[in-house]
2 protein chains.
Amino acid sequence: MKTLRVPEATVTRMSIYSRFLERLDRNGMTTISSNEIADGVGVSPAQVRKDLAYFGEFGTRGVGYNVQTLLKYTLKILGLNQAWPLAIVGSGNLGQALSTSRGFNARGFRVACVFDYDAKRVGKRIGQLLVQPIAQFPELTRKENIRIGVIAVRNSLAQEVANIMVQSGVQSILNFAPITLRVPADMEIRNVDLSITLELLTFNVGLKAAQSL
Amino acid sequence: MKTLRVPEATVTRMSIYSRFLERLDRNGMTTISSNEIADGVGVSPAQVRKDLAYFGEFGTRGVGYNVQTLLKYTLKILGLNQAWPLAIVGSGNLGQALSTSRGFNARGFRVACVFDYDAKRVGKRIGQLLVQPIAQFPELTRKENIRIGVIAVRNSLAQEVANIMVQSGVQSILNFAPITLRVPADMEIRNVDLSITLELLTFNVGLKAAQSL
DNA sequence: TTACAATTGTTATAATTTTCACATAATAAT
DNA sequence: ATTATTATGTGAAAATTATAACAATTGTAA
Ligand SMILES: NC(=O)c1ccc[n+]([C@@H]2O[C@H](COP(=O)([O-])OP(=O)(O)OC[C@H]3O[C@@H](n4cnc5c(N)ncnc54)[C@H](O)[C@@H]3O)[C@@H](O)[C@H]2O)c1
Ligand SMILES: NC(=O)c1ccc[n+]([C@@H]2O[C@H](COP(=O)([O-])OP(=O)(O)OC[C@H]3O[C@@H](n4cnc5c(N)ncnc54)[C@H](O)[C@@H]3O)[C@@H](O)[C@H]2O)c1
């Protein structure tokens, strides 16, 4: 099989293009050029075209891209032509914020269940959902066919939760704990690490301060 | 001046090394090799040494790195030899979770003030802090010498908040709204975008499913 | 002392990613 | 019809980043 190797940065940008197109579509725009997309999201026009070229030819020379059509393709490419139920483990500050966030739903994600270790939290209500005991994780996620697990527990529990997710057949993990988790190579895992992002800022602010001395 | 161009990926990893070293230090470890660091955080040993080489020579050949010393250097490099007060705009789900998160404090960050547009939220208490009206942003951030602003308002307000931050002399922005913000080139801005991260997962899960047909 | 083992710092090589430039195709104007 | 204009798709070049290999240095043991 032809192995389609796509840079991760390209996938990231596809997601950005896709959301930009969603906005254009809402505003009733029908056609757009790579130049305008580039402008709208802050990359170069060549980059836009190169990115799209990984997946096919979606435009018309001399004209541009049809917004609706391209939007549909980007969603399909990103796997968003289906619903993705999520299982969140951890019903603390972050877990609750995530569970009640409307942002998730916008693009086909849906928080299907929330788990916690703490007996005091189990049974509590978060929006429509009841917090489930972690022991139920394998059964419930299998039943609901959940393929994405979200880790929002305190750091020292994160690896344990990851292990449970691996054993339960969840295929991918979104991890908020600032820890390098060990998972089998065939698990998809991404970390959302605020410290790293903040420290990118402080590094660069510091750099600028040093340069302007 | 010699312009030290460091890849962003290197800075990201420096932050990861730094936190790993913190853990080693807490556990009383005194010496470590690039191999062990690599192992601990999931990169190659050559990568670790190459990354460190951007900033100087911190190790001893045949021996390795002193954990405490290297930790101090990484913190210094990342600009964490000083405190960084943060201003969060938006006291909704996310803003509250961020404000009360202990994770921030760990590495020198401190939520110094929280702002909101909504009059109903202004004056409410979040932990030790009172939610301030957005109109106070320029004055308060200047007084507290805040250089990092965090955007946690609903999408349609995000650009406006960014503008206020720019005008107030805040030098860098951590943005949680899934929107491409327009800011002057000399502003440091990073986005934390859950959708993108989730869509990286769905793309790759989809890819694997396709490959195993 | 000298040889050996360990591990860094660095140079060279390879791989990846981005940018550039332009041939190609579609539309509009003359 | 013909020409001009616009904007895509792509191959080649440039830039960036990662990997690999090894010389240099330190500590240790014979
Ligand atoms: N709050 C944020 O804004 C934020 C942002 C980024 C990352 N994070 C990270 O997300 C994770 C969770 O953060 P949070 O702010 O939601 O923390 P939290 O303390 O509000 O919640 C922690 C979770 O761990 C569970 N837990 C804590 N102590 C436990 C114990 N003794 N036994 C069993 N379970 C226990 C709680 O039940 C809860 O589910 C942390 O790794 C944090 O660093 C948080
Ligand atoms: N909640 C999450 O877990 C989460 C995760 C990632 C990103 N985000 C993003 O963070 C942002 C905030 O999310 P949230 O969940 O905290 O939303 P929220 O609705 O809980 O809070 C929204 C904020 O905007 C303000 N606001 C809302 N409507 C307003 C109005 N009519 N007039 C004035 N102010 C108004 C609110 O006062 C509040 O400060 C969004 O862009 C969201 O996409 C949220």
Side-chain angles (χ1 to χ4, degrees), chain A residues 2-17 20-21 24 29-71 73-74 77 196 200 203-204 207, chain B residues 2-17 20-21 24 29-71 73-74 77 196 200 203-204 207:
Chain A
K2 183 171 120 244
T3 311
L4 178 79
R5 243 293 291 168
V6 181
E8 178 135 326
T10 290
V11 181
T12 297
R13 286 188 297 265
M14 288 298 291
S15 173
I16 295 172
Y17 304 152
F20 181 63
L21 290 165
L24 297 179
M29 194 161 293
T30 58
T31 303
I32 194 162
S33 68
S34 57
N35 255 289
E36 294 168 298
I37 296 175
D39 229 54
V41 306
V43 304
S44 76
Q47 183 80 83
V48 172
R49 296 198 298 273
K50 214 24 176 318
D51 285 336
L52 294 176
Y54 279 102
F55 305 103
E57 304 189 4
F58 307 110
T60 311
R61 297 178 186 206
V63 180
Y65 304 90
N66 177 277
V67 172
Q68 277 198 14
T69 310
L70 187 56
L71 171 56
Y73 275 115
T74 59
I77 289 162
I196 291 178
L200 276 171
F203 174 82
N204 284 309
L207 206 61
Chain B
K2 182 172 121 245
T3 311
L4 178 78
R5 243 290 295 168
V6 181
E8 178 137 325
T10 290
V11 182
T12 296
R13 287 188 295 265
M14 289 299 289
S15 172
I16 295 172
Y17 304 152
F20 181 63
L21 291 164
L24 297 179
M29 195 162 291
T30 57
T31 303
I32 194 163
S33 68
S34 57
N35 254 290
E36 294 169 298
I37 295 175
D39 230 52
V41 306
V43 303
S44 76
Q47 183 80 82
V48 172
R49 297 199 297 274
K50 198 61 187 286
D51 284 336
L52 295 175
Y54 280 102
F55 305 102
E57 304 188 6
F58 308 111
T60 312
R61 296 176 187 211
V63 180
Y65 304 91
N66 178 278
V67 171
Q68 277 198 13
T69 311
L70 186 56
L71 171 57
Y73 275 115
T74 58
I77 289 162
I196 290 177
L200 276 171
F203 174 82
N204 284 308
L207 207 60

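Sequence lines set the chain letters: A, B, ... in the order given, protein chains first and strands last, and positions in each chain run from 1.
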Distance, nearest 0.5 Å, that separates CG of A/Leu52 from CD of A/Glu57: 11.0 Å
Atom pair distance, as rounded to whole Å: CZ in B/Phe55 and P in C/dT10: 14 Å
Nearest atoms (heavy-atom pairs only) where B/Val48 meets B/Tyr17: CA-OH, 3.5 Å
Any side-chain heavy-atom pair of A/Ile16 and A/Val43 under 4.5 Å: no
Within-4.5 Å side-chain heavy-atom neighbours: B/Val6 and A/Leu207: no
Reading 5' to 3' through nucleotides 21-30 of chain C, protein heavy-atom contacts under 4.0 Å coded B for base, S for sugar-phosphate only, - for none: B--BBSS---
Span of DNA chain D, from the first to the last nucleotide whose atoms fall under 4.0 Å of chain A heavy atoms: D/dT6 to D/dA12
A/Phe203 side chain near B/Met14 side chain, heavy-atom distance below 4.5 Å: no
Inter-residue atom distance B/Leu24.CG - B/Thr31.OG1, 0.5 Å rounding: 10.5 Å
Distance (rounded to the nearest 0.5 Å) between B/Arg49 CZ and B/Ile37 CD1: 10.5 Å
Under the salt bridge (charged side-chain N to carboxylate O under 4.0 Å, His left out) test, residues paired with B/Arg13 that sit two or more places apart: B/Asp51
Side chains of B/Val11 and B/Tyr54 in contact at under 4.5 Å (non-hydrogen atoms): no
DNA chain C contacts among residues 29-40 of chain B, heavy-atom distance under 4.0 Å: B/Ser33, B/Ser34
Report each atom pair, protein N/O against N/O of nucleotides 15-18 of chain C, whose distance is under 3.5 angstrom.
from	atom 1	to	atom 2	distance (Å)
C/dT17	OP2	A/Arg5	NH2	3.1
C/dT18	OP1	A/Arg13	NH1	3.1
C/dT18	OP2	A/Arg13	NH2	3.0

Minimum side-chain heavy-atom gap B/Leu21-B/Tyr65 below 4.5 Å: no
Listed partners of B/Phe58 passing ring-ring contact (aromatic ring centres under 6.0 Å, His included), at least two apart: B/Tyr73
Rounded distance (nearest 0.5 Å) linking atom CG of A/Asn66 with atom CE of A/Met29: 12.5 Å
